[in-house]
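Following: one structure in C-alpha coordinates, then a few remarks.
Naming: A, B, ... by sequence-line order, numbering from 1 per chain. Any value given below was found using the heavy atoms of this structure, including those in side chains, with hydrogens, waters and symmetry copies removed.
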Number of protein chains: 4
Amino acid sequence: MALAFRLDASSGVPTYRQLADQVRRALLLGYLQDGDQLPPVRDVATALVVNPNTVAKAYRDLERAGLVKPRAGQGTFVTGSVGPVPAATYTQLSASLRRWVRSARGAGLDGEQVRALVAAVLDDEQVGGAVA
Amino acid sequence: MALAFRLDASSGVPTYRQLADQVRRALLLGYLQDGDQLPPVRDVATALVVNPNTVAKAYRDLERAGLVKPRAGQGTFVTGSVGPVPAATYTQLSASLRRWVRSARGAGLDGEQVRALVAAVLDDEQVGGAVA
Amino acid sequence: MALAFRLDASSGVPTYRQLADQVRRALLLGYLQDGDQLPPVRDVATALVVNPNTVAKAYRDLERAGLVKPRAGQGTFVTGSVGPVPAATYTQLSASLRRWVRSARGAGLDGEQVRALVAAVLDDEQVGGAVA
Amino acid sequence: MALAFRLDASSGVPTYRQLADQVRRALLLGYLQDGDQLPPVRDVATALVVNPNTVAKAYRDLERAGLVKPRAGQGTFVTGSVGPVPAATYTQLSASLRRWVRSARGAGLDGEQVRALVAAVLDDEQVGGAVA
DNA sequence: GTGGTCTAGACCACC
DNA sequence: GTGGTCTAGACCACG
(Lines give C-alpha, C1' and ligand atoms only; values in the text may rest on other atoms or scores of the structure.)
Protein backbone atom coordinates (compact mmCIF):
# COMPACT_ATOMS: atom_id res chain seq x y z
CA MET A 1 0.00 0.00 0.00
CA ALA A 2 1.56 3.18 -1.19
CA LEU A 3 0.28 5.63 1.39
CA ALA A 4 -3.05 5.84 3.14
CA PHE A 5 -4.11 9.45 3.46
CA ARG A 6 -6.62 10.30 6.11
CA LEU A 7 -8.56 13.53 6.37
CA ASP A 8 -10.18 15.06 9.41
CA ALA A 9 -12.59 17.66 8.13
CA SER A 10 -13.47 18.80 11.63
CA SER A 11 -9.91 19.63 12.64
CA GLY A 12 -9.84 23.08 11.12
CA VAL A 13 -6.58 22.28 9.38
CA PRO A 14 -6.75 22.92 5.63
CA THR A 15 -6.98 19.79 3.54
CA TYR A 16 -3.86 20.48 1.54
CA ARG A 17 -1.94 20.87 4.77
CA GLN A 18 -3.17 17.65 6.24
CA LEU A 19 -1.99 15.88 3.12
CA ALA A 20 1.41 17.53 3.08
CA ASP A 21 1.87 16.89 6.79
CA GLN A 22 1.10 13.23 6.35
CA VAL A 23 3.73 12.91 3.67
CA ARG A 24 6.20 14.72 5.91
CA ARG A 25 5.33 12.33 8.69
CA ALA A 26 5.85 9.34 6.43
CA LEU A 27 9.27 10.71 5.53
CA LEU A 28 10.23 11.33 9.13
CA LEU A 29 9.28 7.80 10.07
CA GLY A 30 10.90 6.17 7.08
CA TYR A 31 7.66 5.02 5.48
CA LEU A 32 8.67 6.92 2.40
CA GLN A 33 12.21 6.96 1.13
CA ASP A 34 14.32 8.60 -1.51
CA GLY A 35 13.01 7.63 -4.93
CA ASP A 36 9.59 6.47 -3.80
CA GLN A 37 6.67 7.69 -5.83
CA LEU A 38 3.76 9.53 -4.29
CA PRO A 39 0.35 8.38 -5.44
CA PRO A 40 -0.80 10.32 -8.51
CA VAL A 41 -2.71 13.50 -7.81
CA ARG A 42 -5.83 12.23 -9.52
CA ASP A 43 -5.85 8.97 -7.57
CA VAL A 44 -5.64 10.74 -4.25
CA ALA A 45 -8.27 13.22 -5.31
CA THR A 46 -10.81 10.59 -6.29
CA ALA A 47 -10.04 8.40 -3.29
CA LEU A 48 -10.53 11.24 -0.82
CA VAL A 49 -13.32 12.89 -2.78
CA VAL A 50 -11.34 16.06 -2.93
CA ASN A 51 -10.49 18.41 -5.76
CA PRO A 52 -7.31 17.50 -7.68
CA ASN A 53 -6.11 21.07 -7.27
CA THR A 54 -6.12 20.64 -3.52
CA VAL A 55 -3.89 17.58 -3.74
CA ALA A 56 -1.68 19.30 -6.27
CA LYS A 57 -1.31 22.19 -3.86
CA ALA A 58 -0.07 19.83 -1.15
CA TYR A 59 2.42 18.25 -3.54
CA ARG A 60 3.56 21.63 -4.67
CA ASP A 61 4.24 22.69 -1.11
CA LEU A 62 6.31 19.57 -0.58
CA GLU A 63 8.19 20.38 -3.74
CA ARG A 64 8.93 23.90 -2.51
CA ALA A 65 10.23 22.32 0.68
CA GLY A 66 12.59 20.21 -1.41
CA LEU A 67 11.09 16.94 -0.26
CA VAL A 68 9.63 15.72 -3.55
CA LYS A 69 10.12 16.42 -7.21
CA PRO A 70 7.50 16.14 -9.95
CA ARG A 71 8.52 14.52 -13.22
CA ALA A 72 6.17 15.60 -15.94
CA GLY A 73 4.22 12.69 -17.24
CA GLN A 74 5.68 10.27 -14.76
CA GLY A 75 4.58 11.23 -11.30
CA THR A 76 5.89 12.85 -8.15
CA PHE A 77 8.89 11.32 -6.41
CA VAL A 78 10.55 11.62 -3.03
CA THR A 79 13.90 13.34 -3.41
CA GLY A 80 15.43 13.18 0.01
CA SER A 81 14.83 11.20 3.14
CA VAL A 82 14.94 13.10 6.42
CA GLY A 83 16.85 11.10 9.00
CA PRO A 84 14.42 8.20 9.32
CA VAL A 85 14.10 6.37 12.61
CA PRO A 86 15.93 3.00 12.68
CA ALA A 87 13.39 0.22 12.32
CA ALA A 88 14.08 -1.44 15.66
CA THR A 89 13.85 1.82 17.56
CA TYR A 90 10.68 2.68 15.76
CA THR A 91 9.07 -0.69 16.48
CA GLN A 92 9.91 -0.56 20.13
CA LEU A 93 8.82 3.01 20.69
CA SER A 94 5.56 2.66 18.84
CA ALA A 95 4.75 -0.56 20.72
CA SER A 96 5.29 1.06 24.09
CA LEU A 97 3.29 4.11 23.07
CA ARG A 98 0.50 1.83 21.95
CA ARG A 99 0.50 0.21 25.36
CA TRP A 100 0.27 3.62 26.94
CA VAL A 101 -2.68 4.57 24.78
CA ARG A 102 -4.49 1.40 25.73
CA SER A 103 -3.83 1.89 29.41
CA ALA A 104 -5.20 5.39 29.09
CA ARG A 105 -8.36 4.15 27.44
CA GLY A 106 -8.55 1.39 30.04
CA ALA A 107 -8.51 4.09 32.70
CA GLY A 108 -11.64 5.53 31.17
CA LEU A 109 -10.29 8.36 29.02
CA ASP A 110 -12.03 8.95 25.73
CA GLY A 111 -10.31 9.90 22.50
CA GLU A 112 -10.50 13.61 23.16
CA GLN A 113 -9.03 13.27 26.60
CA VAL A 114 -6.20 11.08 25.36
CA ARG A 115 -5.32 13.64 22.72
CA ALA A 116 -5.60 16.44 25.24
CA LEU A 117 -3.27 14.68 27.67
CA VAL A 118 -0.79 13.92 24.91
CA ALA A 119 -0.87 17.49 23.69
CA ALA A 120 -0.36 18.80 27.20
CA VAL A 121 2.60 16.54 27.88
CA LEU A 122 4.26 17.21 24.52
CA ASP A 123 3.91 20.93 25.01
CA ASP A 124 5.28 20.62 28.51
CA GLU A 125 8.21 18.50 27.45
CA GLN A 126 9.05 21.14 24.90
CA VAL A 127 8.57 18.81 22.02
CA GLY A 128 8.72 21.18 19.10
CA GLY A 129 7.91 20.40 15.52
CA ALA A 130 5.12 21.63 13.35
CA VAL A 131 3.80 18.22 12.38
CA ALA A 132 1.07 17.50 14.85
CA MET B 1 -2.00 32.06 36.53
CA ALA B 2 -5.35 31.48 34.93
CA LEU B 3 -4.40 29.93 31.62
CA ALA B 4 -1.35 30.27 29.44
CA PHE B 5 -2.46 30.37 25.83
CA ARG B 6 0.07 29.38 23.24
CA LEU B 7 -0.21 30.10 19.54
CA ASP B 8 1.55 28.36 16.70
CA ALA B 9 1.16 30.57 13.67
CA SER B 10 2.84 28.02 11.43
CA SER B 11 0.42 25.23 12.23
CA GLY B 12 -2.24 26.25 9.76
CA VAL B 13 -4.91 26.07 12.45
CA PRO B 14 -6.99 29.27 12.71
CA THR B 15 -6.14 31.36 15.73
CA TYR B 16 -9.62 31.32 17.20
CA ARG B 17 -9.58 27.55 17.00
CA GLN B 18 -6.30 27.17 18.74
CA LEU B 19 -7.65 29.25 21.59
CA ALA B 20 -10.91 27.36 21.88
CA ASP B 21 -9.10 24.03 21.67
CA GLN B 22 -6.80 24.99 24.49
CA VAL B 23 -9.71 25.85 26.69
CA ARG B 24 -11.34 22.55 25.81
CA ARG B 25 -8.11 20.79 26.65
CA ALA B 26 -7.92 22.52 30.00
CA LEU B 27 -11.47 21.43 30.74
CA LEU B 28 -10.82 17.85 29.72
CA LEU B 29 -7.81 17.66 31.96
CA GLY B 30 -9.43 19.40 34.87
CA TYR B 31 -7.25 22.49 34.73
CA LEU B 32 -10.41 24.52 34.43
CA GLN B 33 -13.47 23.73 36.46
CA ASP B 34 -17.06 24.79 36.81
CA GLY B 35 -17.20 28.40 37.88
CA ASP B 36 -13.67 29.33 36.88
CA GLN B 37 -13.27 32.54 34.95
CA LEU B 38 -11.62 32.71 31.57
CA PRO B 39 -9.11 35.54 31.18
CA PRO B 40 -10.73 38.70 29.78
CA VAL B 41 -10.79 38.98 26.01
CA ARG B 42 -8.73 42.14 26.05
CA ASP B 43 -6.03 40.63 28.23
CA VAL B 44 -5.65 37.64 25.97
CA ALA B 45 -5.72 39.81 22.87
CA THR B 46 -2.97 42.12 24.05
CA ALA B 47 -0.89 39.29 25.49
CA LEU B 48 -0.98 37.33 22.23
CA VAL B 49 -0.93 40.35 19.94
CA VAL B 50 -4.13 39.22 18.36
CA ASN B 51 -7.32 41.01 17.39
CA PRO B 52 -9.88 41.05 20.22
CA ASN B 53 -12.49 39.87 17.72
CA THR B 54 -10.51 36.69 17.28
CA VAL B 55 -10.49 35.95 21.01
CA ALA B 56 -14.13 36.86 21.25
CA LYS B 57 -14.93 34.43 18.49
CA ALA B 58 -13.18 31.64 20.36
CA TYR B 59 -15.19 32.41 23.49
CA ARG B 60 -18.39 32.59 21.48
CA ASP B 61 -17.71 29.16 20.02
CA LEU B 62 -17.16 27.77 23.49
CA GLU B 63 -20.39 29.39 24.59
CA ARG B 64 -22.30 27.79 21.73
CA ALA B 65 -20.81 24.48 22.79
CA GLY B 66 -22.27 25.10 26.23
CA LEU B 67 -18.91 25.07 27.95
CA VAL B 68 -18.74 28.66 29.12
CA LYS B 69 -21.18 31.46 29.80
CA PRO B 70 -20.57 35.18 29.63
CA ARG B 71 -21.93 37.25 32.51
CA ALA B 72 -22.50 40.78 31.39
CA GLY B 73 -19.92 43.10 32.82
CA GLN B 74 -18.15 40.38 34.76
CA GLY B 75 -16.43 38.10 32.33
CA THR B 76 -16.74 34.63 30.89
CA PHE B 77 -17.10 31.66 33.19
CA VAL B 78 -16.86 27.91 32.86
CA THR B 79 -20.33 26.41 33.17
CA GLY B 80 -19.78 22.70 33.02
CA SER B 81 -16.85 20.42 33.48
CA VAL B 82 -16.43 17.72 30.89
CA GLY B 83 -15.71 14.46 32.64
CA PRO B 84 -12.33 15.46 34.04
CA VAL B 85 -9.75 12.76 34.62
CA PRO B 86 -9.40 11.74 38.28
CA ALA B 87 -6.28 13.33 39.63
CA ALA B 88 -4.47 10.10 40.44
CA THR B 89 -5.13 8.63 37.01
CA TYR B 90 -4.06 11.82 35.38
CA THR B 91 -0.83 11.99 37.36
CA GLN B 92 0.09 8.43 36.62
CA LEU B 93 -0.69 8.56 32.91
CA SER B 94 1.09 11.79 32.34
CA ALA B 95 4.13 10.56 34.22
CA SER B 96 4.39 7.43 32.14
CA LEU B 97 3.87 9.37 28.94
CA ARG B 98 6.61 11.73 30.02
CA ARG B 99 8.92 8.76 30.46
CA TRP B 100 8.01 7.57 27.00
CA VAL B 101 8.79 10.95 25.50
CA ARG B 102 12.16 10.99 27.19
CA SER B 103 13.01 7.51 26.03
CA ALA B 104 12.11 8.54 22.51
CA ARG B 105 14.36 11.56 22.69
CA GLY B 106 17.03 9.37 24.25
CA ALA B 107 16.77 7.11 21.23
CA GLY B 108 17.72 10.05 19.05
CA LEU B 109 14.36 11.28 17.78
CA ASP B 110 13.94 14.99 17.42
CA GLY B 111 10.77 16.90 18.24
CA GLU B 112 9.29 16.50 14.79
CA GLN B 113 9.88 12.80 14.77
CA VAL B 114 8.36 12.38 18.21
CA ARG B 115 5.25 14.25 17.11
CA ALA B 116 5.12 12.26 13.88
CA LEU B 117 5.31 8.97 15.76
CA VAL B 118 2.69 10.06 18.23
CA ALA B 119 0.37 11.19 15.48
CA ALA B 120 0.86 7.94 13.59
CA VAL B 121 0.11 5.80 16.64
CA LEU B 122 -2.91 7.85 17.70
CA ASP B 123 -4.34 7.67 14.22
CA ASP B 124 -3.70 3.98 14.09
CA GLU B 125 -5.24 3.35 17.47
CA GLN B 126 -8.32 5.17 16.26
CA VAL B 127 -8.00 7.81 18.88
CA GLY B 128 -10.58 10.29 17.71
CA GLY B 129 -11.20 13.74 19.05
CA ALA B 130 -10.80 17.09 17.44
CA VAL B 131 -8.31 18.46 19.94
CA ALA B 132 -4.92 17.80 18.43
CA MET C 1 3.71 54.25 -8.16
CA ALA C 2 3.68 51.06 -6.22
CA LEU C 3 4.78 48.59 -8.86
CA ALA C 4 3.91 48.37 -12.52
CA PHE C 5 3.46 44.79 -13.53
CA ARG C 6 3.82 43.90 -17.16
CA LEU C 7 2.74 40.67 -18.77
CA ASP C 8 3.98 39.12 -21.98
CA ALA C 9 1.43 36.51 -22.94
CA SER C 10 3.49 35.36 -25.91
CA SER C 11 6.58 34.53 -23.89
CA GLY C 12 5.50 31.07 -22.81
CA VAL C 13 6.32 31.91 -19.22
CA PRO C 14 3.40 31.27 -16.87
CA THR C 15 1.67 34.41 -15.69
CA TYR C 16 2.22 33.73 -12.01
CA ARG C 17 5.91 33.34 -12.71
CA GLN C 18 6.18 36.56 -14.60
CA LEU C 19 4.61 38.34 -11.66
CA ALA C 20 6.82 36.69 -9.06
CA ASP C 21 9.92 37.34 -11.16
CA GLN C 22 9.06 40.99 -11.49
CA VAL C 23 8.77 41.31 -7.73
CA ARG C 24 12.10 39.53 -7.35
CA ARG C 25 13.60 41.91 -9.85
CA ALA C 26 12.25 44.89 -7.97
CA LEU C 27 13.81 43.53 -4.80
CA LEU C 28 17.17 42.92 -6.44
CA LEU C 29 17.24 46.43 -7.79
CA GLY C 30 16.06 48.07 -4.64
CA TYR C 31 12.71 49.22 -6.03
CA LEU C 32 11.07 47.35 -3.22
CA GLN C 33 12.44 47.32 0.28
CA ASP C 34 11.85 45.69 3.62
CA GLY C 35 8.42 46.65 4.88
CA ASP C 36 7.01 47.82 1.56
CA GLN C 37 3.56 46.59 0.71
CA LEU C 38 2.82 44.74 -2.49
CA PRO C 39 -0.31 45.86 -4.31
CA PRO C 40 -3.38 43.90 -3.13
CA VAL C 41 -4.10 40.71 -5.02
CA ARG C 42 -7.43 41.99 -6.25
CA ASP C 43 -5.99 45.25 -7.56
CA VAL C 44 -3.34 43.47 -9.57
CA ALA C 45 -5.87 40.98 -10.85
CA THR C 46 -8.28 43.59 -12.10
CA ALA C 47 -5.53 45.81 -13.52
CA LEU C 48 -3.99 42.95 -15.52
CA VAL C 49 -7.30 41.29 -16.33
CA VAL C 50 -6.08 38.14 -14.71
CA ASN C 51 -7.65 35.78 -12.21
CA PRO C 52 -7.01 36.73 -8.56
CA ASN C 53 -5.89 33.15 -7.91
CA THR C 54 -3.08 33.58 -10.38
CA VAL C 55 -1.79 36.64 -8.58
CA ALA C 56 -2.23 34.91 -5.24
CA LYS C 57 -0.15 32.02 -6.53
CA ALA C 58 2.67 34.39 -7.40
CA TYR C 59 2.51 35.99 -3.96
CA ARG C 60 2.42 32.60 -2.33
CA ASP C 61 5.57 31.56 -4.16
CA LEU C 62 7.30 34.68 -2.97
CA GLU C 63 6.16 33.88 0.54
CA ARG C 64 7.60 30.38 0.33
CA ALA C 65 10.84 31.95 -0.82
CA GLY C 66 10.80 34.06 2.32
CA LEU C 67 10.68 37.34 0.42
CA VAL C 68 7.26 38.55 1.48
CA LYS C 69 4.82 37.88 4.29
CA PRO C 70 1.05 38.13 4.10
CA ARG C 71 -0.74 39.76 7.03
CA ALA C 72 -4.33 38.67 7.06
CA GLY C 73 -6.62 41.56 6.42
CA GLN C 74 -3.79 44.00 5.87
CA GLY C 75 -1.92 43.03 2.76
CA THR C 76 1.32 41.42 1.67
CA PHE C 77 4.59 42.96 2.78
CA VAL C 78 8.23 42.67 1.82
CA THR C 79 10.15 40.98 4.60
CA GLY C 80 13.75 41.14 3.49
CA SER C 81 15.69 43.09 0.94
CA VAL C 82 18.22 41.19 -1.10
CA GLY C 83 21.41 43.16 -1.37
CA PRO C 84 20.06 46.02 -3.45
CA VAL C 85 22.30 47.84 -5.88
CA PRO C 86 23.57 51.21 -4.59
CA ALA C 87 21.64 53.98 -6.28
CA ALA C 88 24.62 55.62 -7.96
CA THR C 89 25.89 52.33 -9.37
CA TYR C 90 22.45 51.51 -10.58
CA THR C 91 21.95 54.84 -12.28
CA GLN C 92 25.27 54.71 -14.05
CA LEU C 93 24.95 51.12 -15.21
CA SER C 94 21.43 51.48 -16.45
CA ALA C 95 22.32 54.67 -18.32
CA SER C 96 25.20 53.02 -20.12
CA LEU C 97 23.11 49.99 -20.94
CA ARG C 98 20.44 52.28 -22.31
CA ARG C 99 23.04 53.86 -24.56
CA TRP C 100 24.07 50.45 -25.75
CA VAL C 101 20.49 49.50 -26.57
CA ARG C 102 20.03 52.65 -28.58
CA SER C 103 23.24 52.14 -30.48
CA ALA C 104 22.11 48.61 -31.31
CA ARG C 105 18.79 49.86 -32.61
CA GLY C 106 20.63 52.59 -34.47
CA ALA C 107 22.67 49.88 -36.17
CA GLY C 108 19.45 48.45 -37.51
CA LEU C 109 18.71 45.65 -35.08
CA ASP C 110 15.09 45.06 -34.24
CA GLY C 111 13.78 44.12 -30.80
CA GLU C 112 14.16 40.42 -31.35
CA GLN C 113 17.71 40.77 -32.50
CA VAL C 114 18.63 42.96 -29.56
CA ARG C 115 17.21 40.43 -27.16
CA ALA C 116 18.93 37.60 -28.98
CA LEU C 117 22.27 39.35 -28.82
CA VAL C 118 21.82 40.15 -25.17
CA ALA C 119 20.84 36.57 -24.38
CA ALA C 120 23.84 35.24 -26.29
CA VAL C 121 26.28 37.52 -24.51
CA LEU C 122 24.82 36.90 -21.07
CA ASP C 123 24.96 33.16 -21.62
CA ASP C 124 28.49 33.46 -22.88
CA GLU C 125 29.59 35.59 -19.99
CA GLN C 126 28.24 32.97 -17.66
CA VAL C 127 25.74 35.31 -16.13
CA GLY C 128 23.65 32.96 -14.10
CA GLY C 129 20.40 33.74 -12.39
CA ALA C 130 16.91 32.57 -13.10
CA VAL C 131 15.33 35.98 -13.39
CA ALA C 132 15.42 36.73 -17.10
CA MET D 1 29.71 21.70 -33.42
CA ALA D 2 26.39 22.45 -35.02
CA LEU D 3 24.51 24.07 -32.14
CA ALA D 4 24.84 23.75 -28.40
CA PHE D 5 21.39 23.69 -26.88
CA ARG D 6 21.10 24.72 -23.27
CA LEU D 7 18.11 24.02 -21.06
CA ASP D 8 17.13 25.80 -17.89
CA ALA D 9 14.59 23.60 -16.16
CA SER D 10 14.01 26.17 -13.45
CA SER D 11 13.02 28.93 -15.83
CA GLY D 12 9.41 27.91 -16.22
CA VAL D 13 9.70 28.06 -20.00
CA PRO D 14 8.54 24.86 -21.73
CA THR D 15 11.38 22.75 -23.05
CA TYR D 16 10.21 22.75 -26.64
CA ARG D 17 10.07 26.51 -26.51
CA GLN D 18 13.54 26.91 -25.16
CA LEU D 19 14.82 24.81 -28.05
CA ALA D 20 12.90 26.67 -30.73
CA ASP D 21 13.90 30.00 -29.24
CA GLN D 22 17.55 29.05 -29.32
CA VAL D 23 17.32 28.16 -32.98
CA ARG D 24 15.58 31.46 -33.67
CA ARG D 25 18.32 33.24 -31.79
CA ALA D 26 20.99 31.47 -33.81
CA LEU D 27 19.25 32.54 -36.99
CA LEU D 28 18.92 36.13 -35.87
CA LEU D 29 22.58 36.33 -35.07
CA GLY D 30 23.74 34.55 -38.17
CA TYR D 31 25.03 31.48 -36.36
CA LEU D 32 22.75 29.43 -38.56
CA GLN D 33 22.29 30.20 -42.23
CA ASP D 34 20.21 29.14 -45.18
CA GLY D 35 20.91 25.49 -45.92
CA ASP D 36 22.47 24.60 -42.58
CA GLN D 37 21.27 21.41 -41.01
CA LEU D 38 19.78 21.26 -37.53
CA PRO D 39 21.11 18.46 -35.33
CA PRO D 40 19.01 15.28 -35.63
CA VAL D 41 16.10 15.04 -33.21
CA ARG D 42 17.50 11.87 -31.66
CA ASP D 43 20.90 13.39 -31.01
CA VAL D 44 19.44 16.40 -29.30
CA ALA D 45 17.05 14.25 -27.32
CA THR D 46 19.74 11.95 -25.97
CA ALA D 47 22.18 14.76 -25.37
CA LEU D 48 19.66 16.78 -23.33
CA VAL D 49 17.96 13.76 -21.75
CA VAL D 50 14.66 14.88 -23.14
CA ASN D 51 11.86 13.08 -24.89
CA PRO D 52 12.34 13.02 -28.70
CA ASN D 53 8.74 14.18 -29.07
CA THR D 54 9.70 17.38 -27.32
CA VAL D 55 12.52 18.11 -29.74
CA ALA D 56 10.33 17.15 -32.66
CA LYS D 57 7.71 19.59 -31.46
CA ALA D 58 10.27 22.39 -31.39
CA TYR D 59 11.34 21.60 -34.96
CA ARG D 60 7.72 21.39 -36.08
CA ASP D 61 7.06 24.84 -34.63
CA LEU D 62 10.04 26.22 -36.50
CA GLU D 63 8.77 24.57 -39.65
CA ARG D 64 5.36 26.16 -39.23
CA ALA D 65 7.14 29.49 -38.84
CA GLY D 66 8.79 28.85 -42.20
CA LEU D 67 12.29 28.89 -40.76
CA VAL D 68 13.27 25.29 -41.36
CA LYS D 69 12.21 22.48 -43.65
CA PRO D 70 12.47 18.75 -43.02
CA ARG D 71 13.78 16.63 -45.91
CA ALA D 72 12.58 13.07 -45.57
CA GLY D 73 15.35 10.80 -44.54
CA GLN D 74 17.94 13.53 -44.49
CA GLY D 75 17.22 15.83 -41.60
CA THR D 76 15.93 19.32 -40.95
CA PHE D 77 17.44 22.26 -42.76
CA VAL D 78 17.35 26.02 -42.41
CA THR D 79 15.34 27.51 -45.24
CA GLY D 80 15.61 31.20 -44.78
CA SER D 81 17.89 33.49 -42.87
CA VAL D 82 16.19 36.23 -40.90
CA GLY D 83 17.97 39.47 -41.51
CA PRO D 84 21.23 38.51 -39.85
CA VAL D 85 23.33 41.19 -38.30
CA PRO D 86 26.32 42.26 -40.42
CA ALA D 87 29.41 40.65 -38.94
CA ALA D 88 31.17 43.89 -38.12
CA THR D 89 28.14 45.37 -36.39
CA TYR D 90 27.63 42.19 -34.48
CA THR D 91 31.24 42.02 -33.34
CA GLN D 92 31.26 45.59 -32.19
CA LEU D 93 27.95 45.48 -30.36
CA SER D 94 28.67 42.24 -28.61
CA ALA D 95 32.09 43.48 -27.53
CA SER D 96 30.68 46.64 -26.02
CA LEU D 97 27.94 44.71 -24.30
CA ARG D 98 30.54 42.36 -22.91
CA ARG D 99 32.37 45.33 -21.49
CA TRP D 100 29.17 46.52 -19.90
CA VAL D 101 28.54 43.15 -18.30
CA ARG D 102 32.03 43.10 -16.87
CA SER D 103 31.72 46.58 -15.49
CA ALA D 104 28.47 45.57 -13.86
CA ARG D 105 30.07 42.57 -12.25
CA GLY D 106 33.01 44.73 -11.29
CA ALA D 107 30.55 47.01 -9.51
CA GLY D 108 29.54 44.08 -7.35
CA LEU D 109 26.37 42.88 -9.06
CA ASP D 110 25.81 39.16 -9.11
CA GLY D 111 24.34 37.23 -12.02
CA GLU D 112 20.78 37.67 -10.86
CA GLN D 113 21.16 41.37 -10.43
CA VAL D 114 22.75 41.77 -13.85
CA ARG D 115 19.87 39.90 -15.45
CA ALA D 116 17.38 41.91 -13.44
CA LEU D 117 18.92 45.19 -14.54
CA VAL D 118 19.06 44.07 -18.17
CA ALA D 119 15.45 42.94 -18.09
CA ALA D 120 14.37 46.21 -16.50
CA VAL D 121 16.17 48.34 -19.08
CA LEU D 122 15.00 46.27 -22.06
CA ASP D 123 11.43 46.47 -20.84
CA ASP D 124 11.78 50.18 -20.32
CA GLU D 125 13.33 50.76 -23.70
CA GLN D 126 10.38 48.97 -25.23
CA VAL D 127 12.55 46.28 -26.69
CA GLY D 128 9.96 43.82 -27.86
CA GLY D 129 10.57 40.37 -29.17
CA ALA D 130 9.57 37.05 -27.78
CA VAL D 131 13.04 35.59 -27.58
CA ALA D 132 14.13 36.19 -24.03
C1' DG E 1 -11.60 44.71 2.56
C1' DT E 2 -7.46 41.79 3.08
C1' DG E 3 -5.52 37.21 2.01
C1' DG E 4 -6.60 31.93 2.17
C1' DT E 5 -9.05 27.74 0.93
C1' DC E 6 -11.65 24.96 -1.94
C1' DT E 7 -14.34 23.45 -5.97
C1' DA E 8 -15.28 22.67 -10.92
C1' DG E 9 -13.64 22.30 -15.08
C1' DA E 10 -10.80 23.58 -19.39
C1' DC E 11 -6.51 23.29 -21.63
C1' DC E 12 -1.43 22.58 -22.06
C1' DA E 13 3.31 20.21 -21.59
C1' DC E 14 5.53 16.06 -21.39
C1' DC E 15 6.22 10.83 -21.40
C1' DG F 1 -2.03 9.36 -18.38
C1' DT F 2 1.14 12.37 -15.62
C1' DG F 3 1.62 16.98 -13.52
C1' DG F 4 0.98 22.25 -14.49
C1' DT F 5 -1.58 26.42 -15.54
C1' DC F 6 -5.46 29.21 -15.60
C1' DT F 7 -10.30 30.67 -14.98
C1' DA F 8 -14.63 31.49 -12.39
C1' DG F 9 -16.68 31.88 -8.43
C1' DA F 10 -18.07 30.57 -3.47
C1' DC F 11 -16.91 30.83 1.21
C1' DC F 12 -13.89 31.51 5.33
C1' DA F 13 -10.40 33.85 8.61
C1' DC F 14 -8.83 38.03 10.13
C1' DG F 15 -8.61 43.16 11.19
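Checked by atom type and distance alone, the side chain of C:Q33 never pairs as donor or acceptor with a backbone atom of C:L27 at under 3.5 Å. The backbone N or O of D:G75 lies less than 3.5 Å from no partner atom in the side chain of D:Q37, so there is not a single donor-acceptor pair. A distance-only check finds a donor-acceptor pair linking the side chain of A:T79 to the backbone of A:G66 [under 3.5 Å]. Within the 3.5 Å criterion, the main-chain N or O of D:R42 finds a donor-acceptor partner in the side chain of D:T46.
Per the geometry, CG belonging to A:D43 stands 11 Å off P belonging to F:dG1, to the nearest Å. Regarding A:R17, its CZ atom lies at a distance of 17 Å from the C1' atom of F:dC12, rounded to whole Å. Rounded to an integer number of Å, the gap from B:L48 CG to F:dG15 C1' is 16 Å. As a whole-Å value, the separation of A:Q74 CD from F:dG3 P is 10 Å. The interatomic distance linking C:L62 (CG) with E:dG3 (C1') rounds to 14 Å, in whole Å. In this entry the distance linking CG of A:L19 with P of E:dT7 reads 10 Å, nearest Å. Note: OH (C:Y59) to P (F:dC6) measures 15 Å, nearest angstrom. Rounded to whole Å, the distance from CD on C:Q37 to C1' on E:dG1 is 12 Å.
The side chain to side chain contact (heavy atoms under 4.5 Å, CB included) test with A:V23 is passed by exactly one of A:V78, A:L62, A:L67: A:L62.
A:D36 and A:Y31 make their closest contact through OD2-O, 4.1 Å (heavy atoms, listed as atom of the first residue, atom of the second, distance). Considering all non-hydrogen atoms of both residues, B:A119 and A:R25 come closest at CB-NH1, 3.3 Å.
With a 4.5 Å cut-off on side-chain heavy atoms, D:V44 and D:Y59 count as touching.
Residue-to-nucleotide proximity on DNA chain F shows that, of A:P40 and B:Y16, the 5′-proximal contact is made by A:P40. Remark on DNA chain F: of its neighbouring residues B:V50 and C:T15, the 5'-side contact belongs to C:T15, judged by nearest-heavy-atom nucleotide. Both C:T76 and A:V49 lie near DNA chain E, and the one whose nearest nucleotide falls closer to the 5' end is C:T76.
For DNA chain E, the neighbouring residues in residues 51-58 of chain D, judged by any heavy atom under 4.0 Å, are D:N51, D:T54, D:K57.
Judged by the 6.0 Å and 45° rule, B:K69 forms no cation-pi pair with B:F77.
Side-chain N/O atoms of C:R42 and base N/O atoms of E:dG3 include a donor-acceptor pair closer than 3.5 Å.
One finds a side-chain N or O of C:R60 lying less than 4.0 angstrom from the OP1 or OP2 phosphate oxygen of E:dT5.
Taking every side-chain heavy atom of A:P70 into account, F:dG3 is the closest of E:dG3, F:dG3, F:dA13.
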Bracket notation of DNA chain F in which parentheses pair within the strand, [ ] cross earlier pairs, and | pairs with another strand (Watson-Crick or G-U, under 3.5 Å)
||||||||||||||.
